[in-house]
Amino acid sequence: MATTYQLKRADFVFKNENDWEQVLSSIIRRSPQELINELISSELKGRGGAGFPTGLKWKITSELKADKKYVICNADEGEPGTFKDREILQRVPYKVLTAMAACGYVIGSNEGYIYLRGEYKFLEPELLKVIDEFEYFCKEINLDFKVKIFMGSGAYICGEETALFESMEGKRGEPRNKPPYPSTFGYMGKPTVINNVETLAHAFTIFKYGAKKFYDLGVQYSRGTKLFSVSGDTPKPGIYELELGMSLQDFVYEFGDGDTKAVQVGGASGFLVPRKKFADTAIGYQGKLTGISLPTGGSMMLFNSSRSMFNVLDNYLEFFREESCGQCTPCRVGCQQLLIGIKAVKRGERPATYLDKLLRLTETMQYTAKCGLGQSVANSFSSIVENFREEMIY
Amino acid sequence: MSPIQSLIKDLADQYGRKRESLLPILQGVVEQEKYLSEYSMVEIAREIDIPAAEVYGTATFYSFLEVKKMGRFIIRVCKTITCSMKGKSQVLFAIQDMLKIKIGETTADGRFSLLETNCLGLCHKAPAMLINNEVYTDLTPEKIREIISDYMTK
Ligand SMILES: Cc1cc2nc3c(=O)[nH]c(=O)nc-3n(C[C@H](O)[C@H](O)[C@H](O)COP(=O)(O)O)c2cc1C
Ligand code: SF4
């Protein structure tokens, strides 16, 4: 059954608005409680992948007593096929900074960090200038808030929030056990709000235009707009802001090259959707959409019929094997064995039924791995192997 | 004091002598030296007073903190899916052909090192690569020849 939603373009995030000073001034004239309510009623959910309600996140941390709290902007953007956060920081950095300061004001924190991946080091000089200007203005309106940039050094896993804290604390980027969650025990063990770059940019929109404007876009459970990073076999790769809830069929109609065989939704840790399921797949958070509803950090990679799905899976698994932090056995050994396994099947050294064994291994990883990296390998592995089994064998 | 010792001291003055200062200090040394020698890791450990093994353990976790001697220009070619679909191999061939080195090697004159890396976040302009912190996108063998020739004179 096809969903009835068409692709709806929007233009909030990148709209150049030179009024962040007014927006910030009006934010701090409102009470923290009012701002939290605004966010909660917008139903904004985290755009970094996990989809936790942003208003609730700020609320939890705001209610805790602590001598120090932190606001962190997660700009580690490492998921294959995602490149929107870089563009936000390049084009509208002041929106992100304004939302960080708003968060600081709401939760009672005067210290913000942007964790910027090492690959984006070239953004640093310009960003530092904007931060200078921003801090100057904060001082003018008597808002005590400082922002520092913390550079990453090439590790996908540091995008995972607790690994990111470890990294900032000068250690190996190995995820911690959860709970405790960052809201209560984050950077330096202090209550911390960590948000994706895009989440913060949307918070700016919500504070500026009001929750309703945002809430009226999208569909139930998936409100607002989302940036999509479109790449692969498409005539128009790039970044597009679309309302949530669209059907994948409509998406492919707009962005496909006429020969789209499959779309990888959500990057290597997301799902591969084959052509026959386009019509039944909607893009949004879990909820009451017809058919399958796939959340996404915004990575949409299109593959046409010239692509071998074996090569695609092989590439993902190599990525995971290299980026696994190695802390827990199911993920460390699992990723290695999956890679060895599919190659052995391809070469005919193992029977086709070995793929089922590998599928069970990914299931084990899903249940036993410590963090989202190991847990989500099953997503792409099973969706590729189950839908393109012949390509794995012959 | 050796030049590296004074670099490390300067970095520690700037970032502090706490465990949280470790990454910025390591990055500062790599920015200058392109890699972390055993000597500099031991010096960093001494400067901020933590075990050298901790410094080594942390440094080796991060793919941009090299612990092997590197060239002045580190080329990192993206090998993740979109770049790999859009002609990464031809790009690599062109570089290898010009520099006569394989992936993981450094030219004899110590000028270039060639590495592969994971997603650079430039998939819409694939194939892409970094040379030190500079970004190069929409690469073709012809473009590679221009870019590398340019660096050869630097
Ligand atoms: C392996 C892994 C990598 C992640 N990488 C990122 C990332 O690069 N950027 C990001 O914002 N969130 C990333 N996340 C999600 C974060 O852990 C966290 O949920 C997010 O930063 C919260 O912000 P949000 O609520 O605004 O989405 C990653 C999670 C996992 C498990
Ligand atoms: S699942 Fe993988 S990346 Fe996550 S903690 Fe375990 S080994 Fe590390």
Side-chain angles (χ1 to χ4, degrees), chain A residues 77-87 117-124 150-158 166-174 187-188 229-234 236-239 264 267-268 299 301-304 306-307 311-312 314-316 318-319 322-323 325-326, chain B residues 15-28 30-31 36 44 48 50 54-66 74 76 78-86 88-89 115-138:
Chain A
E77 188 162 67
E79 187 64 50
T82 319
F83 38 86
K84 64 189 173 75
D85 293 342
R86 171 182 46 72
E87 196 91 353
R117 67 191 305 230
E119 290 83 344
Y120 291 171
K121 174 104 181 147
F122 67 98
L123 297 181
E124 198 188 20
F150 192 98
M151 290 304 307
S153 263
Y156 164 68
I157 191 59
C158 289
E166 291 288 304
S167 172
M168 284 181 61
E169 290 173 14
K171 294 176 259 175
R172 295 166 68 88
E174 292 174 347
Y187 176 51
M188 304 302 285
S229 310
V230 182
S231 70
D233 295 316
T234 166
K236 35 183 177 185
I239 299 162
Q264 182 77 24
S299 166
M301 300 189 286
L302 294 93
F303 302 113
N304 68 21
S306 73
R307 305 299 175 187
N311 289 349
V312 171
D314 180 71
N315 190 284
Y316 292 170
E318 196 174 312
F319 175 83
E322 288 178 7
E323 298 294 343
C325 81
Chain B
Y15 295 108
R17 288 174 172 74
K18 298 167 299 204
R19 183 67 196 244
E20 308 90 85
S21 328
L22 182 56
L23 237 59
I25 294 175
L26 293 172
Q27 289 162 347
V30 170
E31 190 73 29
L36 294 153
I44 292 170
I48 63 176
I50 59 173
E54 288 279 331
V55 176
Y56 180 78
T58 306
T60 49
F61 185 84
Y62 296 91
S63 66
F64 279 23
L65 300 177
E66 301 293 343
I74 304 179
R76 290 188 166 90
C78 176
K79 64 168 179 187
T80 306
I81 185 71
T82 307
C83 284
S84 133
M85 284 172 15
K86 301 274 170 172
K88 175 215 81 171
S89 307
L115 300 172
E116 283 186 311
T117 190
N118 280 328
C119 192
L120 289 174
L122 297 159
C123 322
H124 56 326
K125 296 178 181 165
M129 69 175 182
L130 288 177
I131 299 185
N132 292 348
N133 298 325
E134 287 301 312
V135 172
Y136 297 89
T137 57
D138 296 306

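These numbers were taken from a predicted model, which means no experiment stands behind them. Each chain gets a letter, A, B and so on, in the order its sequence line appears, and its residues count up from 1.
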Looking only at heavy atoms, which two atoms of [X] and [Y] are closest? And how far apart?
| X | Y | result |
| --- | --- | --- |
| B/Tyr62 | A/Cys158 | CE2-SG, 3.7 Å |
| B/Thr58 | A/Gly170 | CG2-O, 3.5 Å |
| A/Phe122 | B/Asn133 | CB-O, 3.5 Å |
| B/Cys119 | A/Gly81 | SG-N, 3.7 Å |
| A/Ala155 | B/Phe61 | CB-CE2, 4.1 Å |

What residues form a ring pair (Phe, Tyr, Trp, His ring centres under 6.0 Å) with A/Phe303, not counting sequence neighbours?
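Expected list: none.
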May I ask you to decide if [Y]'s main-chain N or O and [X]'s side chain share a donor-acceptor pair within less than 3.5 Å?
| X | Y | value |
| --- | --- | --- |
| B/Ser63 | A/Gly154 | yes |
| B/Lys86 | A/Gly232 | yes |
| B/Gln27 | A/Met151 | yes |

So which of A/Gly118, A/Gly173, A/Gly78 has the biggest tally of heavy-atom pairs under 4.5 Å with chain B?
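Of the candidates given, the most pairs with chain B belong to A/Gly173.
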Using a cut-off of under 4.5 Å for heavy-atom pairs, which of A/Glu124, A/Arg307, A/Glu77, A/Glu174 has the most such pairs with chain B?
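Most pairs with chain B among the choices: A/Arg307.
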What part of [X] lies closer than 4.5 angstrom to a heavy atom of chain B: side chain, backbone, both or neither?
| X | answer |
| --- | --- |
| A/Asp233 | both |
| A/Ser167 | both |
| A/Leu302 | backbone |
| A/Tyr156 | neither |
| A/Cys325 | both |

Based on non-hydrogen pairs under 4.5 Å, which of [options] is most in contact with chain A?
| options | value |
| --- | --- |
| B/Asn132, B/Leu122, B/Thr117, B/Leu26 | B/Leu122 |
| B/Asn118, B/Leu23, B/Val55 | B/Asn118 |
| B/Thr82, B/Ile81, B/Thr80 | B/Ile81 |

Contacting region of B/Glu116 [heavy-atom separation from chain A under 4.5 Å]
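When you check distances to chain A, no heavy atom of B/Glu116 falls under 4.5 Å.
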By salt bridge (charged side-chain N to carboxylate O under 4.0 Å, His left out) - contacts of B/Lys79 (at least two apart)
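Only A/Glu318, A/Glu322 meet the salt bridge (charged side-chain N to carboxylate O under 4.0 Å, His left out) criterion with B/Lys79.
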Distance check, rounded to the nearest 0.5 Å: B/Lys18 atom NZ versus A/Glu169 atom CD?
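So the NZ of B/Lys18 and the CD of A/Glu169 are separated by 12.0 Å.
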Side chain to side chain contact (heavy atoms under 4.5 Å, CB included) between B/Leu22 and A/Lys171, worked out:
CA-CA 8 Å; B/Leu22 182 56; A/Lys171 294 176 259 175; over 6 Å; no
Does the side chain of A/Arg117 reach to within under 4.5 Å of the side chain of B/Phe64, using non-hydrogen atoms?
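A/Arg117 does not reach B/Phe64 side chain to side chain.
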Would you sort out whether B/Glu20 and A/Tyr187 count as a side chain to side chain contact (heavy atoms under 4.5 Å, CB included), showing the intermediate values?
CA-CA 10 Å; B/Glu20 308 90 85; A/Tyr187 176 51; 4.0 Å; yes
